[in-house]
Amino acid sequence: NAGVTQTPKFQVLKTGQSMTLQCAQDMNHNSMYWYRQDPGMGLRLIYYSASEGTTDKGEVPNGYNVSRLNKREFSLRLESAAPSQTSVYFCASSEFRNEAFFGQGTRLTVV
Amino acid sequence: DQQVKQNSPSLSVQEGRISILNCDYTNSMFDYFLWYKKYPAEGPTFLISISSIKDKNEDGRFTVFLNKSAKHLSLHIVPSQPGDSAVYFCAAESTKRDDKIIFGKGTRLHILP
């Protein structure tokens, strides 16, 4: 059981470039999340999906878009990367009223 | 506006003693609370949770206490071990409204030999 798999693990982008962070879970969970972790800021929720076909904004959604492609996959897209989006990104999944399981993270640097 | 607050960025505790990590929340709709542990270069891992219908939950060396009237919860680790050195995140969700899990900023725990 792989749990939550994120790709890529590392990425360097130039300002203005676009990219998609991929996330897949094999636990048949309904809920999926994207967080970013910055020093001193903890984990901040970017977007959330309660089920296939639904998405909702979190605390810091500006500059990001998401797609819940199916029950397994939840992708995060940066249309025009900015240095302020340099961060570690975590995807997670959970079942209602249960703990969330996290991926290993994607370290993104925007130069 | 922070809904989940961990006001101590770091904490140092002697090995074998008790570690107490604190967390406050502002949203009275929160009814499920979780603690996560995170090592560098890894994803957070779930530690323990508590529903708002309880005031205490225990799992081995870890106990979480919830004081709803004060909107405060704490994580007790007894006895503290070197492997407990990590960043601890408090999190909360309102299961009646949605399933969004909101995290605090974390507390870095150092266990001293």
Side-chain angles (χ1 to χ4, degrees), chain A residues 2-7 9-10 21 23-25 27 29-52 54-61 66 68 74 87-108, chain B residues 1-10 21 23-27 29-54 57 59 62 64 75 86-108:
Chain A
V4 179
T5 304
Q6 291 182 236
T7 55
K9 287 188 169 43
F10 301 94
L21 279 64
C23 175
Q25 52 96 3
M27 295 172 283
H29 288 163
N30 280 302
S31 298
M32 295 188 75
Y33 312 79
W34 276 105
Y35 291 90
R36 59 177 288 175
Q37 186 192 10
D38 302 292
M41 299 300 291
L43 289 158
R44 291 183 292 172
L45 182 64
I46 305 171
Y47 267 96
Y48 156 74
S49 171
S51 61
E52 181 181 348
T54 69
T55 61
D56 195 9
K57 292 178 180 179
E59 302 165 277
V60 288
V66 290
R68 184 74 183 267
F74 189 37
S87 188
V88 181
Y89 291 86
F90 289 100
C91 177
S93 71
S94 75
E95 201 45 55
F96 185 66
R97 286 198 178 218
N98 280 285
E99 69 272 19
F101 293 83
F102 282 80
Q104 291 297 293
T106 296
R107 187 173 293 274
L108 175 67
Chain B
D1 186 28
Q2 253 193 297
Q3 298 186 70
V4 178
K5 300 177 185 179
Q6 293 178 257
N7 292 320
S8 299
S10 67
L21 294 93
C23 177
D24 297 294
Y25 62 95
T26 58
N27 189 340
M29 295 293 291
F30 287 146
D31 58 358
Y32 189 61
F33 304 90
L34 312 96
W35 284 94
Y36 282 80
K37 177 178 179 179
K38 187 182 181 303
Y39 292 119
E42 294 184 10
T45 54
F46 170 74
L47 208 50
I48 192 169
S49 63
I50 187 166
S51 163
S52 60
I53 62 172
K54 294 185 174 182
N57 189 27
D59 184 1
F62 303 92
V64 56
L75 174 69
V87 177
Y88 289 79
F89 290 101
C90 173
E93 61 179 303
S94 168
T95 59
K96 291 182 182 65
R97 231 173 75 178
D98 53 42
D99 208 16
K100 290 180 188 176
I101 304 176
I102 304 299
F103 284 79
K105 291 186 177 183
T107 296
R108 184 177 298 278

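To find a chain, count down the sequence lines: A is the first, B the second, and so on, and within it residues start at 1. Values reported hereafter were calculated over all heavy atoms of this structure, with side chains retained and with hydrogens, waters and symmetry mates removed.
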| said: Which atoms of A:Asn98 are under 4.5 Å from chain B, going by heavy atoms: the side chain, the backbone, both sets, or neither? | reply: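 The answer is the backbone of A:Asn98.
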| said: Using heavy-atom distances under 4.5 Å, tell me whether A:Ala50 contacts chain B through its side chain, its backbone, both, or neither. | reply: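 Neither part.
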Measure [X] against the heavy atoms of chain A and call it side chain, backbone, both or neither at under 4.5 Å.
X	answer
B:Ala91	neither
B:Pro44	both
B:Gln3	neither
B:Ser49	neither
B:Ile101	both

If you measure from [atom1] on [X] to [atom2] on [Y], what distance do you get to the nearest 0.5 Å?
X	Y	atom1	atom2	value
A:Ser31	B:Glu93	OG	CD	8.0 Å
B:Glu42	A:Gln104	CD	CD	6.0 Å
A:Phe90	B:Lys38	CZ	NZ	4.0 Å
B:Phe89	A:Tyr35	CZ	OH	11.0 Å

| request: Using side chain to side chain contact (heavy atoms under 4.5 Å, CB included) as the criterion, list what pairs up with A:Glu59, not counting sequence neighbours. | output: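 Partners of A:Glu59 by the side chain to side chain contact (heavy atoms under 4.5 Å, CB included) criterion, ordered by chain and then number, come out as A:Arg44, A:Leu45, B:Ile102.
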| Counterpart residues, side chain to side chain contact (heavy atoms under 4.5 Å, CB included), relative to B:Thr45 (two or more places apart) |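 Side chain to side chain contact (heavy atoms under 4.5 Å, CB included) list for B:Thr45, sorted by chain: B:Lys37.
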| message | So which atom in A:Glu99 and which in B:Tyr32 form the shortest heavy-atom distance, rounded to 0.1 Å? | response |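 So the minimum-distance heavy-atom pair works out to N-OH, 4.3 Å.
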| field | Max heavy-atom pair count under 4.5 Å with chain B, selected residue of A:Asp38, A:Leu43, A:Asn30 | value |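 Option with the greatest count: A:Leu43.
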| message | Out of A:Cys91, A:Ala100, A:Gly40, A:Gly58, return the one with the most heavy atom pairs under 4.5 angstrom to chain B. | response |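 The residue among A:Cys91, A:Ala100, A:Gly40, A:Gly58 with the greatest pair count is A:Ala100.
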| query | Does A:Lys57 offer a backbone N or O that forms a donor-acceptor pair with the side chain of B:Lys100 under 3.5 Å? | reply |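 The answer is yes, because a donor-acceptor pair under 3.5 Å joins these two groups.
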